[in-house]
Amino acid sequence: MMGGSAAGAEPGTALDQIPVDRLKRVGPKMLERLARLQITSVQDLLFHLPLRYQDRTRLRALDGLTAGEEVLIEGVVRDAQIAMGRRRSLKVWIGDDSGGALLLRFFYFSRAQSESLKPGRRLRCFGEVRQGPQSLEMVHPEVQQHFDADAVAVGEALTPIYPSTEGLQQISWRALTDQALRLLDDHPEGLTDWVPEPVVGPLRLPPLADALRTVHRPPPDAPVQALTERTHPAFLRLAFEEMLAHQLALRRMRGRRRGLRAPALDAGGGLRERFLSALAFTLTAAQRRVVDEIAADLARPVPTMRLLQGDVGSGKTVVGALAALQAVEAGFQVALMAPTELLAEQHLRSLRGWLEPLGVEVLWLSGRHKGAERAEIVAAIGAGRVQIVVGTHALFQDDVRFAALGLAIIDEQHRFGVHQRIRLRDKGERNGETPHQLIMTATPIPRSLAMAVYADLDLSVIDSLPPGRRPITTAAVPDARRDEVIARVRDACACGRQAYWVCTLVEESDALQAQAAEDTARDLAAHLGDLRIGLVHGRIKPAEREPVMAAFAAGELDLLVATTVIEVGVDVPNASLMIVENPERLGLAQLHQLRGRVGRGTLDSYCLLLYRAPLTAAARERLNILRTEHSGFAIADADLRMRGAGEVLGTRQAGVAQFRLADPLRDQSLVAAAQQAADRILEQWPEHVAPLVRRWLAGREDYGRA
Ligand code: ADP
Ligand code: MG
């Protein structure tokens with residue numbers, strides 16, 4: 001007798017062979033929604049893991065809450081009123097014995113509700129704590145008015161919350177995973193553990209099936225903290241397997257890439273030698289090392305896919321220029337792509353200054369080239385008359401065809417998507433050969449982490465700055481001392497220095513950013529009438545922006561007021577003072593990038609973070625890190641620790657692995673174990689590779705094509 005299990009599976013049927021529509025509640029609509037998440041079998045459901053848990057097992061005191069938490073609280077109504085404002089709302093203030101208080105806010109409420117939430121009433125609420133304009137608040141919490149005051153959710157376990165898609169409620173996920181777990185209990189043989197005992201044994205982690213049960217349905221006595229922080233052995237077991245699957249997939253991708261062909265850029269180095277001897281400085285040891293790594297790659301008939309990492313100001317451009325020359329010497333063209341026109345213009349200036357004396361033609365193509373001018377540039381590229389083309393996204397347009405693209409250099413890779421990289425690769429394909437790719441980024445990631453997350457990229461790191469650089473003195477100054485800061489700018493400029501004033505706004509809107517910058521420029525001009533002030537922001541046309549940048553670079557302007565458009569790459573060594581307004585709104589890595597616009601020469605440089613008081617504890621800590629740390633690597637490390645890898649790397653970033661539950665930073669000890677395990681499995685159990693990759697990465701397009 002089969003025990004009437006939901007799917008009526010025969011003993012011995014593998015769970016990955018049982019389609020999800022054999023489960024109750026799964027009709028055609030549901031099937032389609034599940035397929036959107038790549039879930040087609042019962043096994044896929046088991047590996048659809050909770051994103052997090054709601055903790056309804058503990059009652060939290062009101063004085064210990066922080067924004068962003070989902071908590072269960074209890075308190076007595078102190079006051080309640082209907083606020084009319086822009087949007088009618090019911091505001092209810094509650095307090096508890098801890099002395100803490102919280103504002104509950106309802107935008108939709110019935111008369112009965114508003115009448116029942118009277119002062120003196122005791123409530124139990126569950127919801128997310130948010131930072132409101134005046135205090136912490138909870139918007140539309142679940143409210144219970146009648147509850148057993150002694151029993152705090154006795155016997156209740158953590159409630160799993162699953163990643164979902166439109167039209168799929170949490171309650172459905174629980175019903176589905178219930179059935180899948182029941183099938184697993186009835187047919188333990190239906191789930192093969194593809195990680196052999198000799199590999200996983202020494203790690204002392206629970207068996208796969210136990211780990212899945214715990215993670216989907218934590219038992220009431222399970223340690224809440226370890227589960228919510230995902231340090232519980234059940235999580236570690238699954239995280240290990242996920243990282244292992246990624247490692248196996250990465251190795252497979254590398255293998256495939258080795259099967260592709262690229263032009264071997266191995267012509268003699270005469271041009272590069274002439275370039276180096278004309279250069280105003282000598283390369284640092286770190287630059288020489290990465291130049292050699294890249295040169296060796298490019299000389300091989302296999303497409304290079306290398307990430308060049310180096311802190312802001314470490315001198316990546318000259319390394320890129322040498323790689324470009326190597327391609328030019330071999331008779332190929334080079335595309336250099338920058339994320340903004342401003343940066344493309346600057347690269348154009350640097351490259352022309354360096355390369356035109358050597359007889360190498362450099363052109364640029366941007367969105368502003370139109371009509372006949374554009375057609376002429378596109379024709380020159382197609383006919384192979386130009387050797388190096390600098391540009392923005394405009395280089396991706398369909399009518400841009402290269403005669404012989406040998407190398408694509410992408411600066412600040414995180415702004416380009418994986419699709420664009422692939423398009424570029426396809427664009428350059430010729431006679432079955434694909435161009436080499438070199439990606440330059442100032443987002444520093446610890447090497448161990450980089451190996452785990454960068455899909456199939458090789459890594460070169462410039463780990464020291466050119467000589468003579470001084471650390472930038474950084475201070476946080478409250479907005480109340482704005483006048484002093486303005487005086488500081490006046491003094492610096494009086495001594496012949498130059499300064500940046502950076503306006504930031506959280507809003508993504510170009511128009512609002514531009515407005516803020518214009519207002520600030522006007523205000524500063526009123527205070528600093530004797531200074532020559534320039535303004536750049538995203539709304540000013542490049543044709544008008546370029547002369548401003550050029551004037552600043554030439555020392556004809558004292559102060560440049562700007563939005564974060566100047567974030568990357570701008571290089572004016574005489575600028576030694578930077579003011580950043582509202583730094584609390586930016587991420588650490590971005591602030592570090594911004595600050596890198598000063599300290600590029602041998603002058604003592606300063607960065608003043610002009611913040612709006614009061615700061616949250618987290619913002620204070622971030623500004624502190626910036627004050628005390630100077631290395632981009634240390635800052636990235638801190639940023640990762642505070643925000644998690646997903647946030648820092650960007651969720652859909654090109655070439656970065658997306659993990660479901662592993663966090664290569666938190667689980668660093670597992671990274672090495674997963675790498676070793678991948679080696680062993682490839683060698684001793686190669687037939688396990690495909691099922692492991694399928695189990696964790698089924699349908700992941702980036703792994704298929706990248
Ligand atoms: P980033 O890595 O941030 O792109 P850049 O390539 O813009 O840095 O270089 C920053 C500045 O340092 C530039 O003015 C560049 O010419 C200069 N530079 C690069 N390498 C050296 C070096 N080895 N010695 C002195 N200055 C250098
Ligand atoms: Mg740069």
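Worth saying up front: this structure is predicted, and the values here are computed from it rather than measured.
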Indicate the atoms forming the closest heavy-atom contact of [X] with [Y], along with that distance.
X	Y	answer
Gly406	Pro263	CA-CG, 4.3 Å
Gly310	Lys316	O-NZ, 2.9 Å
Val312	Arg597	CG1-NH2, 3.6 Å
Val334	Ala324	CG2-O, 3.6 Å
Ala394	Ser366	CB-C, 3.8 Å
Thr284	Pro466	CG2-CA, 3.7 Å

* Asked: Any ring pair (Phe, Tyr, Trp, His ring centres under 6.0 Å) pairs touching residues 273-331, not counting sequence neighbours?
  -> Phe275-Trp354

* **ring pair (Phe, Tyr, Trp, His ring centres under 6.0 Å) contacts touching residues 291-321 (sequence neighbours left out)** => none

* Structure fact -> Per side-chain contact (heavy atoms from CB on, under 4.5 Å), Arg272 is matched among Leu325, Leu358, Val328 by Leu325

* Structure fact -> Which of Val461, Ile410, Thr441 passes side-chain contact (heavy atoms from CB on, under 4.5 Å) with Leu307? Answer is Thr441

Spatial distance of atom [atom1] ([X]) from atom [atom2] ([Y]) [nearest 0.5 Å]:
X	Y	atom1	atom2	value
Leu405	Glu433	CG	CD	11.5 Å
Thr473	Asp604	OG1	CG	6.5 Å
Ile409	Met440	CD1	CE	6.0 Å
Ser464	Arg289	OG	CZ	7.5 Å
Leu438	Asp297	CG	CG	9.0 Å
Gln333	Arg385	CD	CZ	10.5 Å

Please tell me if the side chains of [X] and [Y] come closer than 4.5 Å, counting only heavy atoms from C-beta onward.
X	Y	answer
Leu591	Leu623	yes
Arg401	Val378	no
Val502	Thr563	no
Met337	Thr392	no
Asp458	Met305	no
Leu609	Glu581	no
Val389	Leu395	yes
Ile462	Asp311	no

Side chains of [X] and [Y]: donor-acceptor distance under 3.5 Å anywhere?
X	Y	value
His347	Asp411	yes
Ser460	Arg306	yes
His537	Glu518	yes
Thr474	Arg595	yes

* **Aromatic contact, Phe552 with Tyr500 (centres under 6.0 Å)** => yes

Mind listing the side-chain donor-acceptor pairs of residues 572-579 below 3.5 Å, one per line with the distance, residues two or more places apart or on another chain?
residue: Asn574; atom: ND2; partner: Gly496; partner atom: O; Å: 3.1
residue: Asn574; atom: ND2; partner: Gln498; partner atom: OE1; Å: 2.9

* Decide yes or no on side-chain contact (heavy atoms from CB on, under 4.5 Å) for Leu351 and Leu336, but give the supporting numbers first. => CA-CA 10 Å; Leu351 290 181; Leu336 169 58; 3.5 Å; yes

Whether [X] side chain and [Y] backbone form a donor-acceptor pair below 3.5 Å:
X	Y	result
Glu629	Leu626	no
Lys370	Gly367	yes
Arg300	Ala296	no
Arg622	Leu586	yes
Glu329	Leu271	yes

* Could you go through the side-chain contact (heavy atoms from CB on, under 4.5 Å) check for Gln287 and Val318 one step at a time? => CA-CA 9 Å; Gln287 283 170 318; Val318 67; 3.4 Å; yes

* Start with the C-alpha distance between Asp679 and Arg251, add both sets of side-chain angles, then the distance that settles salt bridge (Lys or Arg N to Asp or Glu O under 4.0 Å), and finish with yes or no. => CA-CA 10 Å; Asp679 289 338; Arg251 277 163 217 228; 2.3 Å; yes

* When you look at Thr304 and Leu407, which way does the side-chain contact (heavy atoms from CB on, under 4.5 Å) test go after all the steps? -> CA-CA 9 Å; Thr304 299; Leu407 168 66; over 6 Å; no

* To do: Determine whether more than 12 heavy atoms belonging to other residues, nucleotides or ligands lie under 6.0 Å from atom CD of Glu361.
  => yes

* Report the C-alpha distance between Arg374 and Gln397 in whole Å, list the side-chain angles of each, state the deciding distance to 0.1 Å, and finish with yes or no for side-chain contact (heavy atoms from CB on, under 4.5 Å). => CA-CA 12 Å; Arg374 183 171 191 284; Gln397 275 151 21; 2.6 Å; yes

